[in-house]
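Letters A, B, ... are given to chains in the order of the sequence lines, protein chains preceding strands, and every chain is numbered from 1.
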2 protein chains.
Amino acid sequence: MNSAGKPHRSGRPRTGEERLSRDAILRAALRIVDDEGVEAMTMRRLAATLGVNPMSIYHHLPNKAAVFAGLAELVFADLEATAARDDVSWQDELKDAARTYRDALRSHPNLALQILSDTSTVSDVVVVTVEPFYRALDRAGLAPRQIFEAVNTLIDFVHGFLLGETTVRAATFELAPDLLDRVGKLPPEKAPTLARVTQELGHDGLAYDFDSGFESALTVFVNGIETTWT
Amino acid sequence: MNSAGKPHRSGRPRTGEERLSRDAILRAALRIVDDEGVEAMTMRRLAATLGVNPMSIYHHLPNKAAVFAGLAELVFADLEATAARDDVSWQDELKDAARTYRDALRSHPNLALQILSDTSTVSDVVVVTVEPFYRALDRAGLAPRQIFEAVNTLIDFVHGFLLGETTVRAATFELAPDLLDRVGKLPPEKAPTLARVTQELGHDGLAYDFDSGFESALTVFVNGIETTWT
DNA sequence: ACCTGAACACCGTTCAAGT
DNA sequence: ACCTGAACACCGTTCAAGT
């Protein structure tokens, strides 16, 4: 894509002729991650696609970790505005907050694991994202402590769900046949209930649909919060 | 720890004088991961602590990924036996299954992320671990489809919880002051509910206790399953 | 079969030098 | 301040050679 090109001469470029910017670097990095995954996003590779010396990047971002932190920022920049909505029940508002959060993380699946496993990124993101959850549960009439715990639980669930969704989906779109095989091969008395239930479900029943799995979880959640705390 | 030592002469060792075994390699690898984290566990470092040429390892394990897969195996080897227990309610049995699963993954915190983000490892582990969940929900009288979804949801939650527990705990034992700071610095009208709730909770209220957070989540869960599906 | 040594094709990052 | 080039201290893995 980027013609090998004659090497640019050294020295500071004239004003307005800067070849790089933090933003341009991050956009290029996001493209690499989206197209080829996190492992492909190396500093040298990034520099190559920008047609630039690897070391040039370090004038705009201190190191590779900062590049990934910047990517997380980029992804969540859009999400910020979520209007309060009193037209729906608190239950629906809570579910909707979870759906929005899931979608945001899902929009760049290759980045999800990176985001979820980086402490500072997660806490940034959470602070920005979490208001709608708090609002819904406040409307439900929960006490502060209960709101706090309920939100943590729900967010943790979404994280775990995304972990499965992004890594499993990447590897095997169908996990049903694999699962049936595995269970079939287990020593019969080791997991009798698992064996019976999966067999009753059959091949089609195991064709896991992430969307309906997510919705089903949300329902369990909301009902659980309702009967536990209201 | 391992004296630099004279290099061992080349050539196949006599029977019974093998210097390496799959098991010895994996135990050494686990030690490195536990003590210094996954990044420290390189093939060259592993060979060095074993007092062996880096390439020797490849005669016992095909590559680095296989080493990590082996580690996951090692960690879950103990877990296998979980006796059926009819002395407690299905609710308690389900909670207990979740606690056991969490503990297993928590026993090697540095390995948790590795396990959770590796597809093949996760599915291995899940198949081995999942029976108690199925048993409890079967006793509760759920239909196969509902059992399937409930287990997926609960497992996903545990994964997300562990992600937070292992990565957050590693970085900051106290997230309360940090969180209060962040929230305080937000534009006031951006997250009013979050601001109010965290303020009401106060510094102590935010001192998150992972154990009680986990328990609280389990209660919400069980109640949710109960009112949704029984 | 099991171990070694040299080599290949990579990494992230530091540092001195250009303008 | 911004870009470059050489260099350092690493990686995982292949391959040929020893016994």
Side-chain angles (χ1 to χ4, degrees), chain A residues 2-29 32-33 36-71 110 114 117-118, chain B residues 2-29 32-33 36-71 110 114 117-118:
Chain A
N2 223 306
S3 67
K6 340 69 197 115
H8 193 264
R9 79 168 180 300
S10 168
R12 180 181 187 186
R14 280 178 293 248
T15 319
E17 288 192 2
E18 291 86 355
R19 325 186 63 213
L20 248 37
S21 69
R22 194 186 122 96
D23 201 64
I25 293 170
L26 291 178
R27 286 205 321 273
I32 295 175
V33 171
E36 307 175 47
V38 267
E39 331 75 49
M41 216 305 289
T42 69
M43 296 301 267
R44 292 170 120 106
R45 173 88 162 68
L46 178 56
T49 78
L50 287 163
V52 129
N53 185 288
M55 295 310 106
S56 304
I57 296 169
Y58 287 84
H59 290 278
H60 302 266
L61 289 149
N63 51 40
K64 196 185 177 183
V67 175
F68 278 113
L71 289 185
N110 292 340
Q114 194 65 217
S117 59
D118 183 273
Chain B
N2 221 305
S3 66
K6 339 70 190 116
H8 193 263
R9 80 170 182 299
S10 165
R12 180 182 187 186
R14 278 179 293 246
T15 319
E17 288 191 3
E18 293 85 357
R19 325 185 63 213
L20 248 37
S21 69
R22 192 187 124 96
D23 200 62
I25 293 171
L26 291 179
R27 286 204 321 271
I32 296 175
V33 171
E36 309 176 45
V38 267
E39 332 73 50
M41 216 306 288
T42 69
M43 295 302 268
R44 292 170 119 107
R45 172 88 162 69
L46 179 55
T49 78
L50 287 162
V52 128
N53 185 286
M55 295 309 106
S56 303
I57 296 169
Y58 288 85
H59 290 279
H60 301 267
L61 289 149
N63 51 41
K64 197 185 178 183
V67 175
F68 278 113
L71 289 185
N110 293 339
Q114 193 65 217
S117 60
D118 184 273

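Closest to the A:L20 side chain, of the nucleotides C:dC3, C:dA7, D:dC3, is D:dC3.
Contact annotation: B:H8 side-chain N/O to C:dC2 OP1/OP2 distance is not under 4.0 Å. Between A:S10 and C:dT19 there is no side-chain polar atom (N or O) within less than 4.0 angstrom of OP1 or OP2. Regarding contacts with the backbone of D:dC11, every side-chain N or O of B:R45 stays at 4.0 angstrom or more from both OP1 and OP2. The phosphate of C:dC2 (OP1 or OP2) has no side-chain N or O of B:S56 nearer than 4.0 angstrom. Look at B:H60 and you won't find any side-chain N or O under 4.0 angstrom from OP1 or OP2 of C:dA1.
The residue A:M43 sits close only to the backbone: its heavy atoms come under 4.0 Å of sugar-phosphate atoms, none of a base. In this structure, B:T42 reaches the sugar-phosphate backbone alone: every heavy-atom distance under 4.0 Å involves primed, P, OP1 or OP2 atoms, never a base. Among the atoms of the strands shown, only primed sugar atoms or phosphate atoms (P, OP1, OP2) are found under 4.0 Å from some heavy atom of A:R19.
In this structure, A:H59 places its NE2 atom 11 Å from C1' of C:dG18, rounding to the nearest Å. Distance, A:E18 CD to C:dT19 P: 18 Å, rounded to whole Å. In this structure, the OH atom of B:Y58 is 13 Å from the C1' atom of D:dC15, given to the nearest Å.
Using Watson-Crick or G-U wobble geometry with both donor-acceptor distances under 3.5 Å, D:dC15 finds its partner in C:dG5.
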